[in-house]
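Below is one structure, written out as structure tokens; the observations come after it.
Computed from heavy atoms alone, side chains included, the values below leave out hydrogens, waters and symmetry copies.
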Amino acid sequence: QVQLVESGGGLVQAGGSLRVACAASERTISPYVMGWFRQAPGKEREFLAAITRSGDSTDYAGSVKGRFTISRDNAKNTMYLQMNKLKPEDTAVYYCAASPTSLLVKYRHQYAYWGQGTQVTVSS
């Protein structure tokens, strides 16, 4: 089992920026496709972005394309999500996840390991 821990969440004004991170506490993340999801109260968990093992390819949901950037540092066993031009509707708990697949994936059932989430709140 891969243990993942998110960090960097907090309160930010609309139009501002925030970077959240996801670190593996014990095992390396290099064998895994990594992804970010978010979930607001009363809503389904939403796919945001994914990145290949080497970091040479990425995929984004249309709602965040052009505003969010996913990256990874395998030497540090850490993945990041840089969030710019934040909007109040971005308010949610943000989760990182790891997938044993070799392809970029966007569905919850395709990710085997999950962090506990970090709260991001965007004020208007």
How far apart are the closest heavy atoms of [X] and [Y], and which atoms are they?
X: Leu48; Y: Val64; result: O-CG2, 3.6 Å
X: Leu104; Y: Ser57; result: CD1-OG, 3.7 Å
X: Arg38; Y: Ala92; result: CB-CB, 3.9 Å
X: Val2; Y: Ala24; result: CG1-CB, 4.4 Å
X: Tyr80; Y: Ala21; result: CD2-CB, 3.8 Å
X: Leu4; Y: Ala98; result: CD1-N, 3.9 Å

- [ ] Compute both the distance and the angle, then confirm whether Arg45 meets the cation-pi test with Tyr95: under 6.0 Å from the six-membered ring centre, within 45 degrees of the axis.
- [x]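 Yes; both conditions hold, so Arg45 lies above the ring face of Tyr95.
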Donor-acceptor under 3.5 Å ([X] side chain, [Y] main chain):
X: Glu6; Y: Gly117; answer: yes
X: Thr91; Y: Val122; answer: yes
X: Thr78; Y: Asp73; answer: no
X: Arg53; Y: Met34; answer: no

Do [X] and [Y] come within less than 4.5 Å of each other through their side chains, counting heavy atoms only?
X: Val20; Y: Val120; answer: yes
X: Arg72; Y: Ile29; answer: yes
X: Glu89; Y: Ser63; answer: no
X: Gln82; Y: Ser17; answer: yes
X: Ile51; Y: Trp36; answer: no
X: Lys76; Y: Asn74; answer: no

- [ ] For the residue pair Asn77 and Thr28, confirm or rule out a side-chain donor-acceptor distance under 3.5 Å.
- [x]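 Thr28 and Asn77 do have a side-chain donor-acceptor pair below 3.5 Å.
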Open item on the list: Checking side-chain polar atoms at under 3.5 Å, does Ser25 have a donor or acceptor matched by the opposite partner on Gln3?
Closed with: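 Present: a donor and an acceptor within the cut-off.
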[atom2] on [Y] to [atom1] on [X], rounded to 0.5 Å:
X: Asp90; Y: Met83; atom1: CG; atom2: CE; answer: 7.5 Å
X: Leu18; Y: Asn84; atom1: CG; atom2: CG; answer: 10.0 Å
X: Phe47; Y: Lys106; atom1: CZ; atom2: NZ; answer: 6.5 Å

Open item on the list: According to side chain to side chain contact (heavy atoms under 4.5 Å, CB included), who are the partners of Ser99, at least two apart in sequence or on a separate chain?
Closed with: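 Partners of Ser99 under the side chain to side chain contact (heavy atoms under 4.5 Å, CB included) test: Val33, Thr101, Val105, Tyr111.
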Answer yes or no: are there more than 12 heavy-atom neighbours, outside [X] itself, under 6.0 Å from its atom [atom1]?
X: Gln39; atom1: CD; result: yes
X: Gln116; atom1: CD; result: no
X: Arg67; atom1: CZ; result: yes

- [ ] For the pair Phe68 and Tyr94, name the ring-plane relationship: parallel under 30°, tilted 30 to 60°, perpendicular over 60°.
- [x]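 Phe68 and Tyr94: tilted rings.
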Task: Hydrophobic cluster identity match, Tyr113 and Leu81, side-chain contacts under 4.5 Å - done: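 In one cluster with Tyr113: Leu81, yes.
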Open item on the list: Assigning hydrophobic clusters by single linkage (Ile, Leu, Val, Met, Phe, Trp, Tyr; side-chain heavy-atom cutoff under 4.5 Å), is Tyr32 placed with Val5?
Closed with: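 Different hydrophobic clusters.
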- [ ] Determine whether the aromatic ring centres of Phe37 and Trp114 lie less than 6.0 Å apart.
- [x]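 Centroid separation for Phe37 and Trp114: below 6.0 Å.
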